[in-house]
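Worksheet for the structure shown next.
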Amino acid sequence: MEATQAVKTLKNYINGEWQKPSSNHVEDVINPATGEVIGKIPFSTKEDTERAIQAARQSFESGIWSEKTTHERAAVLLKIADLIEAEADELAKAETIDNGKILAESEFDVADAAACFRYYAGIMLHPDGETYHVPDNVQAMVVKEPVGVTGLIVPWNFPILMSVWKIAPALAAGNAIVYKPSEVTPMNAQRLVEIIEEAGVPKGVMNMVIGDGQTVGQTISESHDVDMVSFTGSTAVGREIMKAASGNLKKISLELGGKSPNIIFADADLETAVDYGLFGIFFGSGQVCSSGSRILVEESIYDAYVERFAERAKLIKVGPGLNPESNMGAIVSQKQLDRILSYIEIGKEEGARLVSGGHRVTADGLDKGFFIEPTVFADCTPDMRIVREEIFGPVVTIQKFKTEEEAIQLANDTDYGLAGGVFSGDGAKALRVIKKVRAGITWVNDYHPTYVEAPWGGYKQSGIGRSLGKYSLEEFQEVKQINIRLNVEPNGWFPTN
């Protein structure tokens, strides 16, 4: 049974104070598993957002956070990690109620969020300056400084984790923040900000504005007082953010859509390839940017793979995220449910073979929630919309290939380049192929593991920049060259009399 949760009306957090947004526009936050209202989210105005931006700007210019020593900032990040871990169970349950994912996934997200703060608390203490030997009596060096005011816009599929992926490195680097959680899954955002406040981040450094992208996100992206915007979401919205950010040529970091290939060669262990194929697409109910939504299978094992994959997909138990028997949770919203169902109809119309799934799940009291069967389409062709467009749900397409060259061509025949996988018993072939897959996050005989130490981001229309690892810290920094003349005397370039 899903737990009930008191209805809470969210507020903005600006300059160290919780404030009610000035708009009268309020929308319900829905538990995707039950359809119940679990919260109210007032939509902030442009003026609300600009107040948060100004608070961030003032705090950054004051140096109250950016001029603290790295050890002082690291201590605060470690305290945040401690506080997250202290209430991990409550945060995970709230995440599942808000988003619909199964509790095991939420528990991983919360644990990873704490680990992320710990990682950046550690890495920020590592030496990162450089000195250069130049052909002059000059000591040349490079230092890294915070970007300034950062706008962090996060998606609904990993509410707490995607927030932390941005907040932790931004704080580690010494920046001020204007944070916009998703209006679809905002319930844990307020507690996360409270934790950051409790840990000792000074007022004005961390600001949160709730509302929609058209107002809050647009204002952040356009503002000349924002030095950087970091966004995770769809490619279409990413393009709009790029346009809005061009006014002051602010730094941008975009982690966008994907239509990732998972290549299965005949010499792969079939059961392992099926197992990770299922995990690659049905983890998170397919609402994961890196999902392996296009499975490419070598011709000689194609029929066996499709048969076993569909057989296993039918065993996946769909249900409420707080039910320990559920293997796959709810779709996040009615809007997303309708989108996925429309793509299933498109796949049928295009001539793809529906092997399993394809229907909304309403039995056993699930009719008020947003549930879809794990859906498998076979005999797909590269021109089909279900193959080319990001569905963002538990729908996989399976295609056939004959040669290694054809597998690579099919894998790269996409506008996206976020992720990809290769399964093979031949290590040389697997490495040869994965190096030719045009994607930023790849796996061999594996799919989906994510490590805070390693970079996350894509090629082509899957984004710009990288999250995680040292790369994310660098995203939130500027590089400054400093030259110090060692013989302090006139240079004699111009006449003296």
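Numbering of residues begins at 1 and proceeds along the displayed sequence.
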Looking at [Y] and [X], is there a salt bridge between them, counting it only when a charged N and a carboxylate O are closer than 4.0 Å?
X	Y	value
Glu95	Lys101	no
Arg360	Asp367	no
Lys400	Asp379	no
Glu240	Lys243	yes
Arg312	Glu271	yes
Asp413	Arg388	yes
Arg385	Glu389	yes
Asp415	Lys259	no
Glu475	Lys251	no

query = Would you call the rings of Phe279 and Tyr276 parallel, tilted or perpendicular if under 30° counts as parallel and over 60° as perpendicular?
reply = perpendicular
At their closest point, which heavy atom of [X] faces which heavy atom of [Y], and how far apart are they?
X	Y	result
Ile263	Ala411	CD1-CB, 3.9 Å
Ser23	His25	OG-N, 2.9 Å
Tyr302	Ala378	OH-CB, 3.6 Å
Gly211	Glu183	O-OE1, 3.3 Å
Lys436	Asn412	O-ND2, 2.9 Å
Leu77	Phe117	O-CB, 3.6 Å

What distance do [X] atom [atom1] and [Y] atom [atom2] have between them, rounded to the nearest 0.5 Å?
X	Y	atom1	atom2	result
Lys335	Ile30	NZ	CD1	14.5 Å
Glu478	Met228	CD	CE	9.0 Å
Phe158	Ser163	CZ	OG	12.0 Å
Leu296	Gln409	CG	CD	10.0 Å
Ile441	Trp456	CD1	CH2	4.0 Å
Ser230	Leu152	OG	CG	6.0 Å

Kindly indicate whether the side chain of [X], heavy atoms from C-beta on, has any atom under 4.5 Å from the side chain of [Y].
X	Y	result
Lys144	Glu474	yes
Ile281	Phe309	yes
Ile167	Met206	yes
Val396	Phe377	no
Gln399	Val297	no
Ser293	Thr397	no
Lys40	Val29	no
Gln461	Arg239	yes

Okay, side chain of [X], backbone of [Y]: is any donor-acceptor separation there less than 3.5 Å?
X	Y	answer
Asp227	Val149	yes
Ser44	Ile210	yes
Arg294	Leu410	yes
Asn175	Thr150	no
Trp443	Pro449	yes
Ser342	Arg339	yes
Ser326	Gly329	no
Thr450	His448	yes
Asn327	Lys317	yes
Thr235	Gly257	yes

[X] atom [atom1]: more than 12 heavy-atom contacts under 6.0 Å:
X	atom1	value
Glu307	CD	no
Lys402	NZ	no
Asp364	CG	no

task = Could you walk me through whether Ile241 and Leu254 pass the side-chain contact (heavy atoms from CB on, under 4.5 Å) test, one step at a time?
result = CA-CA 9 Å; Ile241 286 176; Leu254 305 173; 4.1 Å; yes
query = Taking it one step at a time, do Phe265 and Phe401 satisfy ring pair (Phe, Tyr, Trp, His ring centres under 6.0 Å)?
reply = CA-CA 9 Å; Phe265 284 100; Phe401 69 85; 5.3 Å; yes
Full working for side-chain hydrogen bond (donor to acceptor under 3.5 Å, both in side chains) between Asp267 and Ser424 = CA-CA 5 Å; Asp267 56 11; Ser424 172; 2.8 Å; yes
query = Between Phe392 and Trp156, is the gap from one ring center to the other below 6.0 Å?
reply = yes
task = Go through Asn157 and Val332 one step at a time and tell me if the side-chain contact (heavy atoms from CB on, under 4.5 Å) criterion holds.
result = CA-CA 8 Å; Asn157 57 336; Val332 74; over 6 Å; no
ask   = Looking only at side chains, do Asp48 and Thr45 share a donor and an acceptor under 3.5 Å apart?
value = yes
query = How far apart are the C-alpha atoms of Glu105 and Phe283, what are their side-chain angles, what is the distance that settles it, and do they pass the side-chain contact (heavy atoms from CB on, under 4.5 Å) test?
reply = CA-CA 8 Å; Glu105 294 174 9; Phe283 172 78; 3.5 Å; yes
query = When you look at Lys166 and Glu255, which way does the salt bridge (Lys or Arg N to Asp or Glu O under 4.0 Å) test go after all the steps?
reply = CA-CA 11 Å; Lys166 299 180 188 299; Glu255 200 258 282; over 6 Å; no
query = Between Ser106 and Asp109, does a side-chain hydrogen bond (donor to acceptor under 3.5 Å, both in side chains) hold up when you go through it step by step?
reply = CA-CA 5 Å; Ser106 294; Asp109 291 352; 5.2 Å; no
query = Going through the distances and angles, do Lys368 and Glu36 end up as a salt bridge (Lys or Arg N to Asp or Glu O under 4.0 Å)?
reply = CA-CA 8 Å; Lys368 291 183 171 58; Glu36 296 174 335; over 6 Å; no
task = Take Lys93 and Glu90, measure what salt bridge (Lys or Arg N to Asp or Glu O under 4.0 Å) needs, and give me the verdict at the end.
result = CA-CA 5 Å; Lys93 289 175 183 176; Glu90 293 79 4; over 6 Å; no
